[in-house]
Student: 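Following this message is one structure expressed as structure tokens.
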Amino acid sequence: MPTIVPRNCHLCEACCGLELHVEGDKILSVRPDKQHPQSKGYACPKGIAIADVHHDPDRLRRPMRRQGDGSFEPIAWEEALDLAAEGLGAVRKRHGADAVALYVGNPVVHNYGAALVRSGLMKALGTKNAYSAGSQDTSPRFATSFHLYGSSFANPIPDVDRTDFFLCIGANPVVSNGSALTAPNMRARLRALRERGGRLVVVDPRRSETAREADEHLAILPGGDAALLFGMIRVLLEAGRVDRVAVDAVAAGFEAFEDRIRALDPRALAQAAGIPEAEIGRLAHEFADAPTSVAYSRVGVCNSRFGTLATFAGDLLNLVAGRLGQVGGALFSTPAADLCLLSKIPGMDGHGRFRTRVRGLPETLGDLPAACLAEEMETPGEGQVRALLTYAGNPVLSTPNGRRLAQNLERLDFMVSVDLYVNETTRHADLILPPAWALAEDHYDLVFATFGTRNVAHHMPPVVAKGQGEKEDWEILVAIAERLGGGMLGTPGIDGALRLARRAGFSVTPRHVLDWMIRSGPHGDRFGLRSGLSLAKLAEHPRGVDLGPLEPGMGRVLHRDRKAHLASEAILGGFDEWAQDPAAAAPGDGELLLIGRRELRTNNSWMHNVPALVSGKPRCVLWIHPEDAERAGLADGDTAILESRVHRGAVPVALNPDLRPGVVSLPHGWGHAEAAPWMKTAGAHAGVSYNDWADDAVTEAVVGQSVLNGVPVRLRRAATGASEAA
Ligand SMILES: Nc1nc2c(c(=O)[nH]1)N[C@H]1C(S)=C(S)[C@@H](COP(=O)(O)OP(=O)(O)OC[C@H]3O[C@@H](n4cnc5c(=O)[nH]c(N)nc54)[C@H](O)[C@@H]3O)O[C@H]1N2
Ligand SMILES: Nc1nc2c(c(=O)[nH]1)N[C@H]1C(S)=C(S)[C@@H](COP(=O)(O)OP(=O)(O)OC[C@H]3O[C@@H](n4cnc5c(=O)[nH]c(N)nc54)[C@H](O)[C@@H]3O)O[C@H]1N2
Ligand code: SF4
Ligand SMILES: [Mo]
């Protein structure tokens, strides 16, 4: 008889409950968990396919070493770890610590063990060349929160289940299932909002799946969000509708913006947003008139030309309308394990403390912009990157001008990847070290419990046992760190004590750190001093503990005066630069603007090896408005030549009237031809990589974010089909 094991899905931020039917080391089937308190029986096709990744015959089970001919051969773990540390150590010894770079990908935020030992690895490497998916995702959000609220993790969460007016900007939660917003089954939540008489307005250059659920869709010009949002704030200022009591109560430094915003020209803002002035005015009044309302923006905005400023403007709109810290507005969580407190450890959190060597772009939360990685490898001089460690990342497909990066990976002195597959990035590595993977590791949603619309805590044991000799993600990272002279957490005293404890026969793992965080956290048992949570307590609740709705107030604001600080130099600088030319992101003559999209059966670049997730019609297709297609002489199903500053290549096109004219859309995460020998299913559904066209030379001003939306492109019909591509 199979055992039924409840488990939170770790594939995206929704954290849905799954029921896995397990017999021995086999997962026989996966179903949505009807008893899960948050997802209540909802799960998407990726979650249902989670066992197909676990049992994927192409998933690596043993360390692999690259051979002279580019093929890979398995080697033993100890040898592999020694070689990894030797390879990195040798480059460090010869060229200095900055010659070794680290790139950490998205799945780290779904693996608490790896997330907790990352600082140890960083300390051991001692390099400033740390890169991550953040500069293609969250850096604008982190930097905004850092300056405004005093912690990168103090994330204002839209109170979707209680709001009367949800302004959703550059996010498609019906498909993505939410980001920096953990609330499974967003479609049902948005329908419930409308059923209770609330209003949903979606701002997106495409009439997205979320826009289809909405009362209103505003087809903004890509990159126009700062213009729209500051335009709305300007209208409220002019109309005397700014909630001064709320602003004074929770914020400092509003004066710095007041005159600046009043001085903006409303016609120029309307032009930059591609939305008529009257509509901006009406939207502003509707937002302020609603009993409760909240503005929420995500990846579509973060990865655009003025992403940080627009993210900040969304928070400012919530603030001036009196919605920050209010039920039905934007609230802060009180998670059991509190990342905001962790970010207060000296040196952990920040923005702009150091910069890249070549272009001088700033770090955010310790990571430099990945758009700089290729040039840091190419440009000679002290600190030139010559070795790379990747953890759970696929930057060849996920960062701008991925082809240039791939060429540079091939020239490195040494590269090691901790990953599940030989893919477009890891195929360049000398060594690949595969973890046992999530379902053979215990699980706690360390990051996403911080972003939840309710305070919840789940700790879930491994679903299946590790295979013989397999290692967990954190074990691999700690093994490398220790061989390089570092330790688990990167704090010498604690790491030394942990090593001694281990020698005395005690096993010390990130679980102990997590337990400590929970017990000393806001809901913790204070080590027995009061009743509260600990890992032992959570073990009594296989489907987790609900700690109640988010509380009103500015609970997570960590500045000493407990106020949001508006007037940081970084944001004001960004504002002044933007205000000189709010329409800088607009297309030139004959140009179209390329934007991305996600789709329910994809997860960035790495789940295309699951047959159930790639079956059916090819989905890596360029969508184009019929008017633009006619102008370019293109018909549905044609192949077009798409050209940007950095790349020209062939793409199949499909006509789609849901786009704003002048905007074309392609999903990211495809382009698997090079990985075909090792990922057979993905290789057979290769598609093309969006980021071949994205330009690494253009970055956003405040954090150096990659500009992945609103990429200027030109398009024409392929004269001789695909063979014409460069
Ligand atoms: N054009 C464009 N580009 C984008 C985006 C976009 O919207 N448009 N979105 C950006 C965003 S938001 C993100 S988050 C990034 C993602 O970009 P990345 O983080 O660079 O890459 P992923 O595609 O998430 O691939 C994850 C990698 O981790 C491996 N992996 C999966 N699970 C595990 C695990 O548990 N342990 C280990 N060790 N490895 C694992 C996979 O095999 C794969 O190689 O892409 C960004 N790139
Ligand atoms: N199915 C699926 N789910 C996922 C993922 C996945 O790959 N597939 N990835 C996960 C990850 S890592 C993340 S970070 C989240 C991201 O989740 P979301 O933040 O919801 O991101 P997207 O789904 O890319 O939606 C972004 C929207 O912004 C629009 N857009 C593009 N440019 C602009 C612009 O300039 N202004 C405005 N206003 N809108 C613009 C796009 O048309 C798109 O509809 O999704 C997560 N969930
Ligand atoms: S929505 Fe996200 S968390 Fe839920 S089942 Fe799908 S991939 Fe998993
Ligand atoms: Mo992401």
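Along the sequence shown, residues are numbered consecutively beginning with 1. Computed from a predicted model, the values in this text were never measured in an experiment. Indexing begins at 1, ligand by ligand and atom by atom, following the structure's order.
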Student: Does the N303 side chain pair with the main chain of Q136, one donor and one acceptor, at a distance under 3.5 Å?
Tutor: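 Checking the backbone N and O of Q136 against the side chain of N303, a donor-acceptor pair under 3.5 Å is found.
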
Student: Considering heavy atoms of the protein only, find what lies nearest to atom 2 (Fe) of ligand 3 and give residue, atom and distance to 0.1 Å.
Tutor: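 Minimum-distance protein heavy atom for atom 2 (Fe) of ligand 3 reads C12 SG, 2.3 Å.
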
Student: Compute the ring centroids of F575 and F230, then answer whether they are less than 6.0 Å apart.
Tutor: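 Centroid separation for F575 and F230: below 6.0 Å.
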
Student: Find all atoms of ligand 3 within a distance of less than 4.0 Å from any non-hydrogen atom belonging to N177, and give their numbers and elements.
Tutor: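 So the atoms of ligand 3 that pass are 1 (S).
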
Student: Heavy-atom contacts with I169 under 4.0 Å: which atoms of ligand 2 show up? List them by number with element.
Tutor: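 Ligand 2 atoms under the 4.0 Å threshold to I169: 38 (N).
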
Student: Among all protein heavy atoms, pick out the one at the shortest distance from atom 9 (N) of ligand 2; state its residue, atom name and that distance to 0.1 Å.
Tutor: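 Going atom by atom, the protein heavy atom closest to atom 9 (N) of ligand 2 ends up being R598 NE, 2.8 Å.
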
Student: What I want to know is whether G224 and ligand 2 share at least one N or O pair that is separated by under 3.5 angstrom.
Tutor: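 No.
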
Student: Do N106 and ligand 2 have an N or O pair less than 3.5 Å apart?
Tutor: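 In fact, backbone or side chain, N106 has no N or O that close.
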
Student: Whether R212 and D658 form a salt bridge (side-chain N of Lys/Arg under 4.0 Å from carboxylate O of Asp/Glu) is what I want to check.
Tutor: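 Salt bridge flag = yes for R212 with D658.
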
Student: Quick test of your reading of the model: are D628 and R660 salt-bridged, counting only N-O distances below 4.0 Å?
Tutor: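 Not counted as a salt bridge, because no side-chain N and carboxylate O are separated by less than 4.0 Å.
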
Student: With T308 as reference, evaluate E700, H351, Q705 under the side-chain hydrogen bond (donor to acceptor under 3.5 Å, both in side chains) test and give the passing residue.
Tutor: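 Going through the options one by one, the only one that passes is E700.
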
Student: Before we go on, tell me: are the rings of H10 and F448 under 6.0 Å apart, centre to centre?
Tutor: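 No, the ring centres sit 6.0 Å or more apart.
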
Student: Please confirm whether the backbone N or O of G393 pairs with a side-chain atom of N106, one donor and one acceptor, at under 3.5 Å?
Tutor: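 Answer holds: no.
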
Student: What atoms of ligand 2 come within less than 4.0 Å of a heavy atom belonging to G223?
Tutor: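 Once the distances to G223 are compared, the set is 34 (C), 35 (O).
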
Student: Which of the numbered atoms in ligand 3 are under 4.0 angstrom from any heavy atom belonging to K46?
Tutor: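 With K46 as reference, the close atoms of ligand 3 come out as 7 (S).
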
Student: Relative to the heavy atoms of V299, which atoms of ligand 2 are at a distance of less than 4.0 Å?
Tutor: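 The list of qualifying atoms is 14 (S), 16 (C), 19 (O), 21 (O).
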
Student: Run the side chain to side chain donor-acceptor pair (under 3.5 Å) test on N394 and E424 for me, step by step, so that the C-alpha distance in whole Å, both residues' side-chain angles and the decisive distance to 0.1 Å come before the verdict.
Tutor: CA-CA 7 Å; N394 194 359; E424 303 74 16; 2.9 Å; yes

Student: Would you mind listing which atoms of ligand 3 come within a distance below 4.0 Å of any non-hydrogen atom of C15?
Tutor: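 Taking each heavy atom of C15 in turn, ligand 3 has 3 (S) under 4.0 Å.
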
Student: Hey, is S179 touching ligand 2 through its side chain, its backbone, both or neither, going by heavy atoms under 4.0 Å?
Tutor: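 The side chain, only.
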
Student: As an exercise, identify every atom of ligand 2 less than 4.0 angstrom from a heavy atom of I220.
Tutor: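 Atoms satisfying the 4.0 Å criterion: 36 (N), 37 (C), 38 (N).
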
Student: Given side chains that start at C-beta, do those of N691 and L708 come closer than 4.5 Å, heavy atoms only?
Tutor: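 Yes, close enough: below the 4.5 Å cut-off.
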
Student: Counting heavy atoms only, name the option from S176, C44, A49, P184 that's nearest to atom 7 (S) of ligand 3.
Tutor: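 Of the listed residues, C44 has the closest heavy atom.
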
Student: Out of S605, A585, G170, A180, who gets a non-hydrogen atom closest to atom 39 (N) of ligand 2?
Tutor: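 Going through S605, A585, G170, A180 one by one, G170 has the nearest heavy atom to atom 39 (N) of ligand 2.
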
Student: Under 3.5 Å between any N/O of S208 and any N/O of ligand 2: does that happen in this structure?
Tutor: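 So ligand 2 has no N or O lying under 3.5 Å from an N or O of S208.
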
Student: Indicate yes or no: does an N/O atom of E599 lie under 3.5 Å from an N/O atom of ligand 2?
Tutor: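 Between E599 and ligand 2, an N or O pair is found under 3.5 Å apart.
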
Student: If you measure every N or O of R206 against every N or O of ligand 2, does any of those distances drop under 3.5 Å?
Tutor: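 For ligand 2, there is no N or O atom that lies under 3.5 Å from one belonging to R206.
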
Student: Which of the listed options, N709, D225, L11, holds the heavy atom that is closest to atom 34 (C) of ligand 2?
Tutor: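 Answer by nearest heavy atom: D225.
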
Student: With a 3.5 Å distance limit and no angle check, can you tell me whether S605 reaches the backbone of G669 through a side-chain donor-acceptor pair?
Tutor: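 No, S605 side chain to G669 backbone: no donor-acceptor pair under 3.5 Å.
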
Student: If we only consider heavy atoms of K46, is any one of them less than 4.0 Å away from an atom in ligand 2?
Tutor: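 Within the 4.0 Å threshold, so yes.
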
Student: D204: heavy atom below 4.0 Å from ligand 2, yes or no?
Tutor: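 Per 4.0 Å heavy-atom rule, D204 contacts ligand 2.
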
Student: Among protein heavy atoms, which sits nearest to atom 40 (C) of ligand 2, and what does the distance come to when rounded to 0.1 Å?
Tutor: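 The answer is P205 CD, 3.2 Å.
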
Student: Can you find a side-chain donor-acceptor pair between Y296 and N318 that sits under 3.5 Å?
Tutor: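 Judged by distance alone, the side chains do not pair up.
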
Student: Looking at non-hydrogen atoms alone, which of G300, G596, A171, S176 comes nearest to atom 4 (C) of ligand 2?
Tutor: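 Nearest option to atom 4 (C) of ligand 2, by heavy atoms: S176.
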
Student: Indicate yes or no: does R31 engage E19 in a salt bridge with an N to O separation below 4.0 Å.
Tutor: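 Result for this pair is no, no salt bridge flagged.
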
Student: Is the ring centre of F146 less than 6.0 Å from the ring centre of F153?
Tutor: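 For F146 and F153, the ring centres are not under 6.0 Å apart.
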
Student: Under a 4.0 angstrom heavy-atom cut-off, which atoms of ligand 2 come close to T602?
Tutor: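 What qualifies from ligand 2 is 1 (N), 2 (C), 6 (C), 7 (O), 8 (N).
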
Student: So, H608 versus H672, ring centres under 6.0 angstrom or not?
Tutor: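 Close enough - the centres of the two rings lie under 6.0 Å apart.
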
Student: Could you tell me which atoms of ligand 3, counted from 1 in the order shown, lie closer than 4.0 angstrom to a heavy atom of C9?
Tutor: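 Near C9, meaning under 4.0 Å from one of its heavy atoms, ligand 3 has 3 (S), 5 (S), 7 (S), 8 (Fe).
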
Student: Mark yes or no: R597 above the aromatic ring of W623, with NZ or CZ under 6.0 Å from the six-membered ring centre and no more than 45 degrees from the axis.
Tutor: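 Because its charged atom sits under 6.0 Å from the ring centre and within 45° of the axis, R597 does stack over W623.
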
Student: Take the angle between the ring planes of W437 and W606 and call it parallel below 30°, perpendicular above 60°, tilted in between.
Tutor: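 Perpendicular: the ring planes of W437 and W606 meet at over 60°.
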
Student: For ligand 3, which atoms, with element, lie under 4.0 Å from some heavy atom of C16?
Tutor: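 That gives atoms 1 (S), 3 (S), 4 (Fe), 5 (S) of ligand 3.
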
Student: Mark up the atoms of ligand 2 that fall under 4.0 Å of a heavy atom belonging to D137, in ascending order.
Tutor: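 Per the distance check, 14 (S).
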
Student: For ligand 3, which atoms have a heavy atom of L11 less than 4.0 angstrom away?
Tutor: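 What qualifies from ligand 3 is 7 (S).
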
